[in-house]
Each structure stands twice: as C-alpha cells, then as structure tokens.
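Every chain is numbered from 1, with letters handed out A, B, ... down the list of sequences. None of the values given here were measured: they were computed from a predicted structure.
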2 protein chains.
Amino acid sequence: MPIERRPLREQIRDELMLRLDRGDFAAGTDINEAALAAELGVSRTPLREALITLAGEGVLESNQGRGFRFAPVSRKEFRELCAIVAALEALALDSSEPAYLRRVAPDLLRLAQDFSDNIAEQQDIERHDDEWHDLLLGGCRNERLLDLITSVKAGMRRYSHLVAGESTPMERAAEEHCRIAERLIARDLEGAATALRDNWVNGMERMMSRIPETS
Amino acid sequence: MPIERRPLREQIRDELMLRLDRGDFAAGTDINEAALAAELGVSRTPLREALITLAGEGVLESNQGRGFRFAPVSRKEFRELCAIVAALEALALDSSEPAYLRRVAPDLLRLAQDFSDNIAEQQDIERHDDEWHDLLLGGCRNERLLDLITSVKAGMRRYSHLVAGESTPMERAAEEHCRIAERLIARDLEGAATALRDNWVNGMERMMSRIPETS
DNA sequence: ACTATGAATTCTGCATACAAAATAGTACAT
DNA sequence: ATGTACTATTTTGTATGCAGAATTCATAGT
C-alpha cells in the first residue's frame, strides 16, 4: 500500500478547516502563529504556508506586521459568495456530460428524499449537502472550474456553523434538491440550472438573518 | 508621504508575474528555489510563500518532494479558463451599478476605437485589454467577485505571451469591445453580457491554434 | 551496448534563529 | 484622572540551518 505522503501545509490546512467547521474560531479573531503551531505540534513554517493558502481562499486575511486573522463575516460578503457559487455551479452543470446527469439523476432524487425524512446532526447535514452537490457536479469536464468551486466554498465555510441548529431551512433545501433532480430526470437542463441558482439564492436568504451585521 | 511597506512575498509574486508576462518562464519548467531566491536577492522563505500563492491561483503546481513548476499549458485548460472568466465577468456586469455603466460606456467605446487604430507593442496591447476590462467591471459591487476574477486571470497570464505578434486577432477584439460598449450605450445590459461572453469565446478560439497540444 | 545498482550530489520540506515592527506596560507630566 | 513619552515584551517577517527525499552520475554486471 502506498503510505500517505502529503506536505504538512496541506494537512494543517485540512485540520484548520475542520476546526473552522466545528466553530472553534470566531470570525475576526487574530491567529497567534507560535501558539497555534505549538498546539498542532508543527513549526511555524508549514503553518504559515497553510495560512497563506487560506488567505488566498478568503478564509483569512493578512495585514502587514499584524499577521493573519479569520476574515470577519458580513451579510454583504455572504451574498457575494452565494452569487458567485450559483453562477459557477450553473456553469458546471452546463459543462457536464448529459449522460452522467441522466445516470445520477435518480440517485440525486433519492438522496434528497432520504434527507428530508430523517433530520440528522448538524455536522451530517452539512456533509450531506456538500456530497449532494459534489455528486451533481461530478460529471463536469471543466476541472479548473471544479477546483475553483471547491476553493470558493472553502471561503463560505466560515458561515456554515452560524446556521447550526435550524431545522426548517434544511427541509426547504431538501425540497429544492428534489426539484433540481426532477428537472434533470425530465431532461430539462435549463430548468435544472435555474433551480440550482434558486437553491443558492434561497439558501442565502435562509441564512441571512443568522449573520451578525458588520459592527 | 506614507512609504510603501508590503510583505516581500507580495513583491516577489508581482515580480514573478511580470517575468511570466515577458515570457521568461517556459510552461512546465521546474523552479529552483535557491537559484531564484539568489537572483531576486531574497531568502527562500518569502519566495516559497509567493510560490504557494501562485500555486493557489493555478500558475504553478507543486508535487511532493519535487517542488514547484510552471503549470503546463493545454488547449483544454485554456478553454476551461475562458469559460470561467466569461461567466464571472458576465455576472460582474450583472452586479454592476447601472449608473456607472452609463457613465463609462462612452469611454469604453472611445478606448476600443482608439485601440483599433494604432497597433502598439504587444506589452501595451495586453495592458490595454486588461485596463479596458477593468474599467468595464469597475462598477461591480461584488468585491469578492472582482478579486476572484483577478485571481483566475492570473492563471491565464501563462497563455498571454503565446499569442504575441499576431495583429489581426487584436483588431477583432477591439471590434468586439466596440460592440459591448455600444450595447451598454443602448442600455441593453443583456446584449452587453452576451457580447462580453462572445468576446471571451472568440478570444479563446483566436488563441487556440497558438497553444501547443499537450505532448 | 544496455541495464541495474549504489554512492554522491542536489534540492525540497521543515525547523530554528534572528531582526524589526507592533503591542503592552510604566513612569511621568499636566 | 488623563494623556504622553519611553521602555519592555510579544509577535510577525525574513534568513539560515538541517534532515531526508529525489536526481544524477559512475560503476559493475549481463
């Protein structure tokens, strides 16, 4: 078996994103490199490398001499990110192999229905939603686009834990997923793309009230 | 006067992009960190930080133990990038303040016309095209989107010097810019967005033959 | 001549060390 | 009590050092 040999900076990045999902870091808080490096058991060098990639994805921001901090959240930015992801995923759907979409459409529908039934843990909900979208876009032939979507979504993870605990919005999301799947089954690619865009716009509005206004 | 104090990694990144525009680096070539750092007169640490950000933007790629290299070019990737930028700029146009577009539309038209007249240096052509698009999108209220467009375009700069010396394609581009500006003057935002998308698709096809196929 | 093997070298990835900037703290003057 | 100048401390930004992986080169074997 080929043992895993990944750069430390990537493992660190993953770990930080995991902690971000858990809500360990409040938006706007500074990062103490030495302390965090010690806590992770690594040196500052690969940590800083990870921080720089995260800054490139918009998760962090850096100021000269002041180091890194988790980028503050705002309704404005969340709207912006949703608009971007909506456009990118719609493009990805457009760039997908029709055969793939036909094949996975039933799975997508079933997953969406299963999901609306049993309300699970918040962690599971997030993961499920991500996996659903990943499956939807799995047939996209534009590799750079998929990478870009992943990157932009990383920036959105700062918002994910803010909505934790709300159950009704998720039921709405499941319904919308059903709609998208139904459009695909009906071979209506245009309608599916529209439903997908709606899903993001609605998702945005659903979470909007949860986001504290820029103070 | 406030003297400029930017991190070295950013200055290094800018310098590397400049050299990339000049065609100093062939696609696919490895980077020797020590040699490049010595040439730039900096240490490997900020250089590596710059390389990591460039890798995040798709300009470079990194392999474990093998360091960084300029990502190889391919027609497939170029098509992908053009599709992405087309979608993003169209969205940006959609998110722009109508008042701004009305105001700059005449300037855009004039710039496009001026440009089609005097054929300048390749360097100037590139810069002019970029500035034209920047002016077009200057009224976009989605800041994250503008950052993202800049980042994706950075990845496209690997292709820019490949088309050097060709004059007719640029005249075509100027014509298309005129079309976009005319649509804006006519208050036809939808038509402008379509023309913008066409500009990217055509630009793509124009350069396609210049890109060596993946060997 | 060609391949395989192993030592020597080069280079990356990570850790540590150092310098300068920013922050916190303290004494002092108003 | 408040503000200010100055010092001490913390923290970042950059440079250097070091271990191990990857590559190169030479040599031996077929």
Side-chain angles (χ1 to χ4, degrees), chain A residues 1-20 24-72 215, chain B residues 1-20 24-72 215:
Chain A
M1 70 172 194
I3 55 175
E4 188 175 345
R5 292 196 39 72
R6 295 172 63 213
L8 261 186
R9 61 173 179 273
E10 291 184 12
Q11 301 183 45
I12 293 172
R13 196 204 91 100
D14 291 350
E15 175 63 24
L16 291 179
M17 289 304 291
L18 222 72
R19 297 190 180 194
L20 181 64
D24 287 6
F25 308 108
T29 49
D30 297 355
I31 288 183
N32 186 323
E33 297 178 9
L36 186 54
E39 188 179 329
L40 295 171
V42 297
S43 82
R44 281 180 56 213
T45 307
L47 171 60
R48 277 180 63 87
E49 294 181 346
L51 297 180
I52 284 169
T53 66
L54 289 176
E57 295 173 331
V59 178
L60 304 176
E61 47 180 51
S62 74
N63 293 17
Q64 167 69 283
R66 219 160 293 184
F68 298 86
R69 68 167 184 170
F70 284 88
S215 51
Chain B
M1 73 173 191
I3 54 175
E4 189 175 345
R5 293 201 38 74
R6 295 171 63 212
L8 263 184
R9 60 172 180 277
E10 291 184 13
Q11 301 183 44
I12 293 171
R13 195 204 91 100
D14 291 350
E15 175 62 25
L16 291 179
M17 290 305 290
L18 223 71
R19 298 190 180 195
L20 181 64
D24 287 7
F25 308 109
T29 49
D30 298 356
I31 288 182
N32 184 324
E33 297 179 8
L36 187 53
E39 189 179 329
L40 295 171
V42 297
S43 81
R44 282 180 54 214
T45 307
L47 171 60
R48 276 180 62 87
E49 294 183 345
L51 296 180
I52 284 168
T53 67
L54 288 176
E57 295 173 330
V59 178
L60 304 176
E61 47 180 51
S62 74
N63 294 42
Q64 167 69 280
R66 218 160 295 182
F68 298 87
R69 67 167 185 169
F70 284 87
S215 52

Fill in: Presence of A:T45 side-chain N/O under 4.0 Å of C:dC14 phosphate oxygens OP1/OP2
no
Worksheet item: In whole Å, what is the span from the CG atom of B:L51 to the P atom of C:dT12?
Response: 9 Å
Worksheet entry | Separation of A:L54 CG from A:F68 CZ (nearest 0.5 Å) | 9.0 Å
Worksheet item: Between C:dA15, D:dT16, D:dG13, which nucleotide has the shortest distance from any of its atoms to the side chain of A:E33?
Response: D:dG13
Item to complete: With the side chain of B:R66 defined as its heavy atoms from C-beta on, choose the nearest nucleotide among D:dA15, C:dC14, D:dT23.
Response: D:dT23
Worksheet item: Rounded to the nearest 0.5 Å, what separation is found between the CZ atom of A:F70 and the CG atom of A:L16?
Response: 6.0 Å
Fill in: Atom-to-atom span, CG of A:L47 to P of D:dT14 - whole angstrom
16 Å
Worksheet item: Between the side chain of B:E15 and the main-chain N/O of B:L40, is any donor-acceptor distance below 3.5 Å?
Response: no
Worksheet, complete the sentence: Quick note, B:L8 side chain, CB onward, closest among C:dG13, D:dT14, D:dG13 is D:dT14
Worksheet item: When we call it a touch if two heavy atoms are under 4.0 Å apart, what does B:I12 touch: a base, just sugar-phosphate, or nothing?
Response: nothing
Discussion item. I need the CZ-P distance between A:R48 and C:dT16, as an integer number of Å.
Written reply: 16 Å
Worksheet item: What's the CG-P distance between B:D30 and C:dT10, to the nearest Å?
Response: 17 Å
Worksheet item: Between atom CD1 in B:I31 and atom P in C:dG13, what is the gap in whole Å?
Response: 12 Å
Worksheet item: Is any N or O donor-acceptor pair between the side chain of B:R44 and the base of C:dG13 shorter than 3.5 Å?
Response: yes
Fill in: Between C:dT12 (P) and A:E49 (CD): distance, integer Å
13 Å
Response to the item:
Residue set satisfying salt bridge (charged side-chain N to carboxylate O under 4.0 Å, His left out) with B:D30, at least two apart, ordered chain then number -> none
Item to complete: Check every strand shown and say whether A:N63 touches a base, only sugar-phosphate, or nothing at a heavy-atom separation below 4.0 Å.
Response: sugar-phosphate
Fill in: B:R13 CZ to B:L18 CG distance, which is reported to the nearest 0.5 Å
11.0 Å
Fill in: Given D:dA15, D:dT12, C:dT12, the nucleotide with the shortest approach to the side chain of B:V42
D:dA15
Practice prompt. Select base, sugar-phosphate, or nothing to describe what B:I52 touches, counting heavy atoms under 4.0 Å on all strands.
Written response: nothing
Worksheet, complete the sentence: Rounded to whole Å, the CZ-C1' distance (B:R9 to D:dG13) equals 8 Å
Worksheet entry | Position toward the 5' end of DNA chain C (nearest nucleotide), A:Q64 or A:P7 | A:P7
Fill in: Closest to the A:N32 side chain, choosing from C:dA21, D:dT12, D:dT14
D:dT12
Discussion item. Side chain of A:R5, heavy atoms from C-beta onward: which of D:dT23, C:dG13, D:dA21 has the nearest atom to it?
Written reply: D:dA21
